[in-house]
Each structure stands twice: as structure tokens, then as C-alpha cells.
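Accompanying notes for the structure given below.
Ligands are counted one by one from 1 in listed order, and the atoms in each one are counted from 1 as well.
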Amino acid sequence: MAAGDGKKHQDTRLVHSGSHPERFDGAVNPPVYRVSTVVSADVEEMRHRATHPPDMLAYGRAGTPTHWALEEAIADLEGYNHCLALPSGLSGILISILGLCASGDHVLVADNVYGPIRLVCCDRLANWGLEAELFDASVGAGVADLIRPNTKMIIVESPGSLTFDMTDIPAVSKVAKDNGILVVADNTWATPLLIDAPALGIDISVHSGTKYIGGHSDVAVGTLCLDDDDLHQRLKMTSLLFGYGLSPDDAYLALRGLRTLSVRLERHEENARIVAEWLQERPEIDRVMYPALASDPGHAIWSRDFSGANGLFGFMFNASVSQEAADRFINALTLFLRGFSWGGYESLAMSTSGSSIKRPVSGWTPTGATMRLHVGLENPADLIADLDQALASMANAMAAE
Ligand SMILES: Cc1ncc(COP(=O)(O)O)c(C=O)c1O
């Protein structure tokens, strides 16, 4: 956020947004409100609490000052009026659909979004009458051809999960606005810092705070931001009715992680660029999938819409490397830990070969074994040495075959 628009710089807001020491006897962080039951002085107060006025405790699952501090900070950083803190990123997408769509509604889902979201839309919710349709994430304004009278929502994620291909979100949003359709975006890769989600035309911005917001691989949390008061109330009630409560301890950890997000992200990006550029030169590797690289097909959209990158990217071995050899590579890594998820301080590696990486509508299929790396906060020279020795071990095993 640039100065001059009446708001402080992003780094300053990252430190101070949602912070109210005066409410907590001067404590700089909000306390963890471990509470289910809240008692009232009289029945009138009970009734008042039951209407859930904002910033008034009613019942633990309905939110506490710990949750509100996190929600206020994320809403401010993202530039929306409201935020809901939820128990996972996945629940942010799910609550949006469950709260705002009904049986018979048509929902367009980009074919590169996080696999479980595709599955939940096209299988579980389809069983309840949702008309979920996958679409080619690269279609941009061409999404107009897919709009039906009952289209209610478009779900996007850019860069896409595992393939890191970019979607032209402003083009999709324009079509959506013209047709009164809501755009829901999984912005986990961007974090609340790297895009201006409202300016891209995103109506509901969802994050898995489990990743960079938490930042220490010890919390599951989701956030959902939006401007519209009525939709916010509806989604808040939906999350309450479906029992999607975030624990106050996890709200606290997410807020604690958030405060250092920008310095961590800068280092993740710096390290990832060094590692990605090194991998790009390796003969075993066909392609590095990281939109921050000038050679990436999504680089132009990324440069236009993003102010930075993070430590997560993919790569594809060339066709001469078998899946078994690629598995040997992963097994030989010592600093990159073998693990799902990402966004913590540590480096992680995971094989992405399989059905989730295939793009059912665009038809894109990898031509070699694929991997995802999360580049952590270690020294990049050590990370490169680890990759180098794992590639050597893979080559030795291939030579012996
Ligand atoms: C892009 C993206 N969105 C959502 C999720 C789900 O996150 P959570 O575990 O917080 O539901 C993930 C998890 O890996 C993800 O990569």
C-alpha cells in the first residue's frame, strides 16, 4: 500500500492493525480467550448478547477478542470491510458456497484450484444439487461463454495449485460483475500482502492462514474477507450454524505469525529465486513453474497483478527421468523435508505426479515427473547443495539400472 491514500504503509499496518493494548491492560498482544460459556448479569444482557453484536462475547464459537483482533488485522491488510476467521482455508471456500449458493445454482470452478475444492464442488456438493462446472483457468474474458442464467459464483486461484499457472483475474471479474456473479478467490499464494484483491475485482478473498500467515507449521486457520455487509452477516451465520469455530489459541498463533509476514516473505522470495534459477539451468529439469521468473508463461500477469512472490514453486523433470528416479531424488534430500503443506519457515519437497496436477478442462498433462518445493528460510547455498547431492544420487541410481 502506498502512502498518500490516507492509509499507512503496508509494513506499518502489518504491525499495528487489530492491535488494541488499551483494551487488555496494556498487553501488546490480545490474550487468548479460552471460553465457551459467557455469563450475563441479567436476562436482558443475555438477550443482548444473543444477537451477537460485534465485539461482544456471546458464546465461544461465535468469536472472542482474540478472533476479532485477527479479523480486524486481515481485513485492514486486504482492504475489505469484513473478515471472518475460520478453522481452515478449505472452510473459507466451503462457507462461501454453502452460505451463498443453493441447489440448482451453477458455480464455475477454475480447473487449477486446490484439488479438494474441485472435489468438494464436483462431487460432494454436486450430490446436493449444485451444478459445479470446471473451466480452463487460462480462459480470461472467455469465461463469458460459460455463463448461464443460474451462474452464481466463479471460483479462482492464481497461481494455480501445483501448476502455478496464472489466471487473468481482472478479466474474469469484469465478466462476473457484468453478470451479477460473485468472484471467490483462493489467494493463499499471494498472502494478504502481495495483491490488491479488491482492485482485482475479487468479491470474497480466502486464505489458508495455515500457510504463510501462521508461518510456523503449527496452526490450521482460514480467513475470508469481503465488503458487503449483508453477505458478511450471512456468511458469519453460516459458519456458526455449520459449527465452523476457530480455536482462540489458533487465532492467537495466526495473529502472532501475521506480524512478521512481510520480512519472512521477502526472504522466502529471495531464497526461492536463487534456487529456482539454479534448477532452471539443470539438464535433468525441463521446466520450473514459478511466475516470478521472466521465463514463466504467467510472468506478465504476475508482474501486472502481484507486488512480490513467495517460496513455493513447482518443477518438471525431463521425460528421461522416470517416476522411480524422481522418487529417489526426493528420498535423497536431507534439508528439504518430505511434507505436504507449505508456508512455514522450513523447506519442503513433495512429488506432485498424479491426477491432481492434470488439468481436466485445458487438457494440460505433465510430460515428466513433477515436484513442488517450498523454499524456507535456510541459507540458499545449503539448499542448493542439498538439491545437487539428491540429483547426483538420482543420476547414480539411474546409471546403475
Ligand atoms: C492453495 C491452497 N488453498 C487451500 C488449502 C487448504 O488449506 P487448509 O489446510 O488451511 O484448509 C491449501 C493447502 O495446501 C492450499 O495449498
Side-chain angles (χ1 to χ4, degrees), residues 70 74 78 83-98 109-121 124 137 155-167 169 184-195 197 202 204-225 239 242-247 249-251 253-255 257-258 261 265 268 272 289-291 298 302 306 309-314 337-344 346 348-352 354 356-357 359 370-376:
L70 173 67
I74 300 270
E78 288 220 67
C83 173
L84 278 183
L86 294 162
S88 66
L90 192 51
S91 64
I93 302 281
L94 204 53
I95 286 293
S96 305
I97 302 170
L98 294 174
V109 184
D111 72 348
N112 63 350
V113 306
Y114 179 57
I117 291 168
R118 282 183 266 159
L119 189 64
V120 86
C121 290
R124 303 302 193 276
I155 301 175
V156 292
E157 180 185 324
S158 183
S161 272
L162 310 185
T163 41
F164 301 92
D165 49 326
M166 298 298 297
T167 292
I169 293 183
V184 177
D186 182 334
N187 288 326
T188 304
W189 195 92
T191 81
L193 302 188
L194 302 179
I195 55 167
I202 294 165
I204 302 181
S205 172
V206 176
H207 290 275
S208 165
T210 314
K211 310 296 188 290
Y212 284 114
I213 292 175
H216 294 76
S217 306
D218 55 4
V219 63
V221 60
T223 62
L224 170 166
C225 282
S239 74
F242 279 80
Y244 280 66
L246 171 68
S247 92
D249 291 274
D250 289 344
L253 285 175
L255 188 62
L258 182 73
L261 179 59
L265 266 187
H268 281 290
M289 299 175 263
Y290 187 42
W302 175 82
F306 284 63
N310 63 32
L312 190 77
F313 63 84
L337 308 172
R338 287 154 288 278
F340 304 111
S341 200
W342 45 281
E346 75 285 14
L348 295 169
M350 149 179 140
S351 166
T352 53
S356 289
I357 200 167
R359 297 296 167 236
T370 50
M371 301 275 156
R372 189 180 74 185
L373 293 184
H374 176 252
V375 177

Less than 4.5 Å apart, side chain to side chain, heavy atoms only: is that true for Asp186 and Ser161?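 Contact flag for Asp186/Ser161 side chains = no.
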
Is any side-chain heavy atom of Val156 closer than 4.5 Å to one of Val113?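 Val113 does not reach Val156 side chain to side chain.
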
Set of side chain to side chain donor-acceptor pair (under 3.5 Å) partners for Thr167, sequence neighbours left out: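 Thr167 satisfies side chain to side chain donor-acceptor pair (under 3.5 Å) with no other residue.
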
Can you list the residues that meet the side-chain contact (heavy atoms from CB on, under 4.5 Å) rule with Ser247, with sequence neighbours excluded?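 Per chain and number, Ser247 pairs via side-chain contact (heavy atoms from CB on, under 4.5 Å) with Asp249, Asp250.
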
Who passes ring pair (Phe, Tyr, Trp, His ring centres under 6.0 Å) against Tyr212, sequence neighbours left out?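 For Tyr212, the residues satisfying ring pair (Phe, Tyr, Trp, His ring centres under 6.0 Å) (neighbours in sequence not counted) are His268, Trp342, His374.
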
Which atoms form the tightest heavy-atom contact between Ser217 and Gly344, and what is the distance?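 Closest approach of Ser217 to Gly344, heavy atoms only: OG-CA, 3.5 Å.
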
Exercise answer, ligand 1 polar atom pairs (N/O) under 3.5 angstrom:
from, atom 1, to, atom 2, distance (Å)
ligand 1, 3 (N), Asp186, OD2, 2.6
ligand 1, 7 (O), Ser208, OG, 3.0
ligand 1, 7 (O), Lys211, NZ, 3.4
ligand 1, 10 (O), Gly89, N, 2.9
ligand 1, 10 (O), Ser208, OG, 2.7
ligand 1, 10 (O), Thr210, OG1, 2.6
ligand 1, 11 (O), Gly89, N, 3.1
ligand 1, 11 (O), Leu90, N, 2.9
ligand 1, 14 (O), Lys211, NZ, 3.0
ligand 1, 16 (O), Trp342, NE1, 3.1

